[in-house]
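Report on one structure; see the data block that follows.
It should be emphasised that the depicted structure is a prediction, and the values quoted were computed from it without experimental measurement. Note on naming: letters A, B, ... go to the chains in the order of the sequence lines (proteins, then strands), and numbering restarts at 1 for each one.
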Amino acid sequence: MEIAKAYDPTQAEEHHYARWEASGCFTPEINQDEDAEAFSIVIPPPNVTGTLHMGHALQHTLMDVLTRWKRMLGYRTLFLVGVDHAGISTQLMVTRQLKKDEHKTPQEIGREAFTEKVWEWKNKYGGEITRQIRREGLSVDWTRERFTMEENLSRAVREVFVRLYEEGWIYRGTRIVNWCPRDKTVLSDLEVKEEKVKDGKLYYLKYPTSDGSAMVTVATTRPETMLGDTAVAVHPEDMRYAKLVGKSLALPLTGREIPVIADSYVETEFGTGAVKITPAHDSNDWEIGERHGLEKLVVMNDDATMNAAAGEGFAGMDRFEARAKVVEEFEKLGLLEKVEDYEITLPHCERCKTIIEPLLSEQWFVKMEEMRDMALKLMREDNIPHFFPEIPHKKVYTTWLENLRDWTISRQLWWGHQIPAWYDGDGNVFVARTKEEAAEKAGTESLTQDPDVLDTWFSSALWPFSTLGWQSEPGAVATGVFNSTDLETFYPTNVLVTGRDIIFLWVSRMVMSGLKFVGEKPFDDVIIHGTVLDKNGQRMSKTKNNGIDPLGVFEKYGVDATRMTLAGSATGVDFAWRDERVESFRNFANKIWNATRFALMNSEGATVRSDSLLQQASAGGPPEGGTPNALADRWIISRLNKTAKAVNRALETYQFHEAVQLLYHFIWDDFCDWYIELKKDEITAGDVEASSRILTILEQALRLLHPFMPFLTEELWQKLPGISNSMHNAAYSSADQTIMLTTFPTGDGSLIDEAAETEMQSVTELITKVRNIRAEMNIKPGDKLGIHIAADGSTQRVFAASEEQIKKLARADKIILADSLDVPRASARAVLTGNAEIAVPLEGLIDFEKERARLQGQIEKLDVEVQRLNAQLSNANFVEKAPKEKVDGLRERQVEIEGQTRTLNQNLEALN
RNA sequence: GCCGACUUAGCUCAGUGGUAGAGCACUCGCUUCACACGCGAUAGGUCACAAGUUCAAGUCUUGUAGUCGGCACCA
């Protein structure tokens with residue numbers, strides 16, 4: 001078979017995905033075992049406006065590894081995919097486009113026309129992220145692809161809203177909310193980011209008492225809000241102000257009189273100890289206002305300009321202009337005491353970075369107490385969700401829930417789920433699933449729907465069950481789009497993979513709504529992956545423009561190499577991106593490609609022979625009982641099974657990086673560097689048995705690697721002679737042949753052969769020591785050497801059985817085995833484990849000076865170790881208290897080192 | 001202010017109380033018939049610092065320093 005010299009990822013990536021998808025490999029229906037256990041994962045739905053970034057690539061890889069692994073183990077797997085409508089982002093994007101294309105604003109074209117535009121945009125451009133998900137090779141079920149705005153998911157949203165309202169857990173109220181004056185919508189606490197403002201100032205304003213007898217100085221960072229002040233508060237025990245409590249102040253610039261009140265909220269130490277109170281523009285002030293029955297005077301519009309209530313001179317002015325003007329007026333009046341520089345952190349809109357204005361506003365809220373308690377109970381009693389890594393996420397999650405406040409769910413947007421509440425002419429509200437239902441309740445058709453939409457996270461919170469058909473239309477079930485049993489089969493899902501930034505926004509809310517509406521947890525485990533940083537360890541961000549585009553990396557190094565790099569990072573730990581690391585996995589892919597190439601070049605008449613060949617080799621037993629090649633075979637089979645066991649164990653606990661390391665070393669070091677080299681002569685000589693065995697081992701290795709490197713493994717697997725769908729897991733026996741449906745090797749303990757591993761270690765140690773001598777003595781590659789070995793009988797038998805392989809790899813032409821050494825003075829020497837000794841006669845080639853240094857170096861190394869051992873073993877406490885096994889082990893090592901040191905010293909003396 | 005994580009080879013990072021590990025980079029050698037995206041052989045460590053627990057600490061405890069993160073407050 002002709003096969004290219006180097007692996008070309010692009011070619012394999014183009015080949016297989018469409019075929020997998022077309023043959024139904026990604027759907028749970030491919031599994032024909034009626035008793036198969038289910039395994040399900042839902043993707044954190046990326047924004048419809050989004051494009052793939054490294055964070056996606058990381059979490060997607062982890063999910064796909066788990067799904068492919070479980071599928072190969074015979075589970076009925078569902079990896080559910082879909083996208084989120086992303087309210088604000090999408091609305092802003094379409095608004096920009098509308099401006100550009102038609103020079104119009106959403107208001108100009110109206111709500112209906114605008115939402116139509118959004119759908120048009122979604123249909124045209126919304127597929128970008130899903131195309132990229134295909135590129136990543138994700139084995140997601142496209143037949144069940146979901147979108148949060150589609151009808152069935154919207155129905156679930158309305159159902160949840162109505163039920164919560166009926167229970168009194170959703171209410172409408174007037175509160176101080178986080179208002180973004182630029183997006184002109186309210187935001188939840190979680191969509192607000194606190195950021196330091198460098199040029200912050202603290203202004204000290206003087207308010208005179210109404211009788212003109214005294215002044216009270218208040219400190220503020222937002223002087224413009226004084227226009228809405230309705231009191232000044234001091235601490236009840238602050239003696240400085242005791243006389244003033246109850247008196248009234250003449251609020252400058254407004255002509256209003258406001259009282260001085262006492263409230264223990266005030267800290268005497270801060271500022272002047274007197275606080276201006278603006279109940280309509282500050283949440284703490286609002287609470288004080290409530291306690292003292294103060295008027296709540298709104299002085300701003302929704303775009304953060306001052307309104308008429310702010311007074312004639314200020315109305316229509318932007319908040320920051322008004323600030324400057326207030327300060328100027330105070331100064332003119334001689335009421336500005338001072339201005340200090342003051343570093344302050346202020347809430348900013350997470351999206352547009354505008355400074356949030358706390359504003360009194362009527363909004364919809366969800367009361368969280370009951371659902372919060374359900375989630376806390378689940379964690380306390382069952383430790384669910386089980387976070388990986390558990391520290392610190394379990395505690396952070398729990399603490400957050402404990403301090404949870406009501407959730408503001410209305411948004412002043414047009415793109416999203418419109419709130420299912422209708423008002424009659426008198427302002428009475430009717431919450432219902434449909435307008436008809438509302439009309440029935442209201443007794444009139446003349447109703448207006450609430451113009452607001454719901455927070456995008458409201459629908460995301462339902463994702464694990466709304467996507468599986470909860471409350472879906474019966475008709476939809478009949479079309480097969482929603483399978484009526486999906487919820488039963490796949491809920492709860494097994495594991496959620498996501499970033500730590502949305503533990504509160506999303507994970508906690510899925511837990512709460514899942515418990516409330518399905519009556520069961522949405523998932524058992526939550527893997528919180530780390531953040532991919534740039535090469536300098538900085539977070540990637542658009543403003544820094546230091547992002548690394550996964551698609552560029554795919555292009556340069558291949559999807560599989562990228563997946564290995566991502567899966568190879570420790571679970572939950574941040575790591576700095578290094579192209580060098582992907583490069584090493586690109587090289588790894590090429591290594592496997594070439595190992596396969598070698599096996600195929602010499603595969604005349606050979607085939608992959610399933611498990612039978614593995615069993616047979618093992619049954620060969622120790623060297624004297626089997627063929628001369630039995631050791632390498634027993635050894636590689638043992639290594640394969642050990643690796644398979646360890647890989648499964650690692651994946652069970654989500655130690656992806658551990659699995660990656662195991663596979664990398666098994667394939668590169670054990671299989672390529674040793675096994676292939678040991679078997680090369682047999683293979684090239686046309687030994688069909690040997691060729692078949694190497695193909696068989698390779699086939700098993702490809703299966704183990706498949707979840708991580710799906711394209712490469714499929715490409716190579718399809719080239720192997722003798723593969724067929726009979727190698728599939730029984731659940732997929734009739735499907736078209738593909739490695740993704742073969743049985744994942746779990747490792748057979750009975751094929752783990754410790755004796756073979758120990759013997760092999762002797763052989764590799766011998767070869768390595770001889771190679772070391774060759775390198776240190778500058779022996780030319782073509783020059784063959786003779787190796788004299790002194791060893792005990794069983795070790796001699798091991799070396800004898802592998803004589804041909806040792807000669808080949810050590811480039812020797814003869815091996816002389818004996819009980820003791822009898823060699824010329826001009827020999828290079830080394831000691832081996834188990835009191836064996838080797839000597840390589842180098843008549844005319846040896847550099848005595850170098851050899852002495854080499855021996856000296858070995859002695860010194862052993863000396864360092866033996867000194868530590870001596871110290872430990874002469875400690876009576878250690879000998880007494882440490883486990884006997886440990887002590888015996890060290891004693892044996894001590895004896896061995898002493899023997900080796902003696903030998904090396906004798907060798908050294910012989911050179912003098 | 002509260003909570004937390006991290007600090008290991010030149011770089012990026014693994015590490016489960018018992019001899020300190022990988023990849024890349026570095027040094028030396030090799031056009032050896034799968035692969036130079038390769039092969040072979042080396043070198044490189046006060047595991048941030050200090051104390052404690054233990055026969056034994058990179059690992060457990062406390063403190064210190066530095067780096068980073070989350071939450072809260074901010075008149």
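A heavy atom lying under 4.0 Å from RNA chain B marks the following residues of residues 872-879 of chain A, by number: A:Asn875, A:Asn877, A:Phe878.
Residue contacts shown for A:Ser569 are absent, as no nucleic acid heavy atom lies under 4.0 Å away. Residue A:Asp673 is classed as a sugar-phosphate contact, given heavy-atom separations below 4.0 Å to backbone atoms only. A:Leu202 comes within 4.0 angstrom of sugar-phosphate atoms only, judged by non-hydrogen atoms across all strands, and of no base. Looking at heavy-atom distances under 4.0 Å, A:Ala882 makes contact with a base. A:Glu583 comes within 4.0 angstrom of nothing in the nucleic acid, heavy atoms only. Among the heavy atoms of the strands, none lies under 4.0 Å from A:Lys769. When heavy atoms are screened at a 4.0 angstrom cut-off, A:Lys395 is found touching the sugar-phosphate backbone but no base atom. Among the protein residues, A:Arg811 comes within range of the nucleic acid bases, having at least one heavy atom under 4.0 Å from a base atom. Contact annotation for A:Tyr265: backbone-only contact, meaning every heavy-atom pair under 4.0 Å involves sugar-phosphate atoms and none involves a base. Across all strands, A:Gln661 comes closer than 4.0 Å only to sugar-phosphate atoms, never to a base (heavy-atom distances). The residue A:Phe588 sits apart from the nucleic acid: no heavy atom pair falls under 4.0 Å. If you check every strand for non-hydrogen atoms under 4.0 Å, A:Thr221 touches sugar and phosphate atoms only. A:Lys276 comes within 4.0 angstrom of no nucleic acid atom, judged by non-hydrogen atoms across all strands. Across all strands, A:Arg586 comes closer than 4.0 Å to base atoms (heavy-atom distances).
Here A:Lys535 does not reach the OP1 or OP2 of B:C24: none of its side-chain N or O atoms lies under 4.0 Å away. Phosphate contact (OP1/OP2 of B:C39, side-chain N/O of A:Trp668, threshold under 4.0 Å): present. Between A:Lys5 and B:A36 there is a side-chain polar atom (N or O) within less than 4.0 angstrom of OP1 or OP2.
Comparing B:G15, B:C35, B:G18 against the side chain of A:His657 picks out B:G15 as the nearest. Between B:A41, B:G18, B:C35, one nucleotide has an atom nearer to the side chain of A:Arg771 than all others, and that is B:A41. The side chain of A:Arg868 sits closest to B:U19 out of B:U19, B:A14, B:A34. For A:His665, taking side-chain heavy atoms from C-beta onward, the closest of the listed nucleotides B:A34, B:G18, B:G23 is B:G23.
Of the P atoms belonging to B:G40 and B:U46, the separation is 29 Å, rounded to the nearest Å. With both ends at atom P, the span from B:C73 to B:U67 equals 26 Å, rounded to whole Å. If you take atom C1' in B:A20 and the same atom in B:A9, they sit 10 Å apart, rounded to whole Å. Between the P atoms of B:U31 and B:A36, the separation comes to 14 Å (whole Å).
The closest side-chain donor-acceptor pair between A:Glu765 and A:Thr833 falls under 3.5 angstrom.
For RNA chain B, runs of at least 3 consecutive pairs of the Watson-Crick or G-U wobble type, with both hydrogen-bonding distances under 3.5 angstrom, map to B:1-7 with B:65-71, B:10-13 with B:21-24, B:27-30 with B:38-41, B:48-52 with B:60-64.
Applying the 3.5 Å distance criterion, the base of B:A14 shares no donor-acceptor pair with the side chain of A:Gln655. The base of B:C24 lies outside donor-acceptor range of the side chain of A:Arg581, with no N or O pair under 3.5 Å.
Along RNA chain B, the nucleotide nearest to A:Trp593 and the one nearest to A:Ala775 differ in position, and the one closer to the 5' end is contacted by A:Trp593.
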Please enumerate all protein N or O atoms sitting under 3.5 Å from an N or O of nucleotides 67-72 of chain B, with distances to 0.1 Å.
none

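For the pair A:Trp674 CH2 and B:A34 C1', the computed distance is 17 Å after rounding to whole Å.
Of the residues A:Leu695, A:Thr684, A:Ile694, the one that meets the side-chain contact (heavy atoms from CB on, under 4.5 Å) test with A:Asn602 is A:Thr684.
For the pair A:Glu682 and A:Arg693, the salt-bridge criterion is not met [side-chain N within less than 4.0 Å of a carboxylate O].
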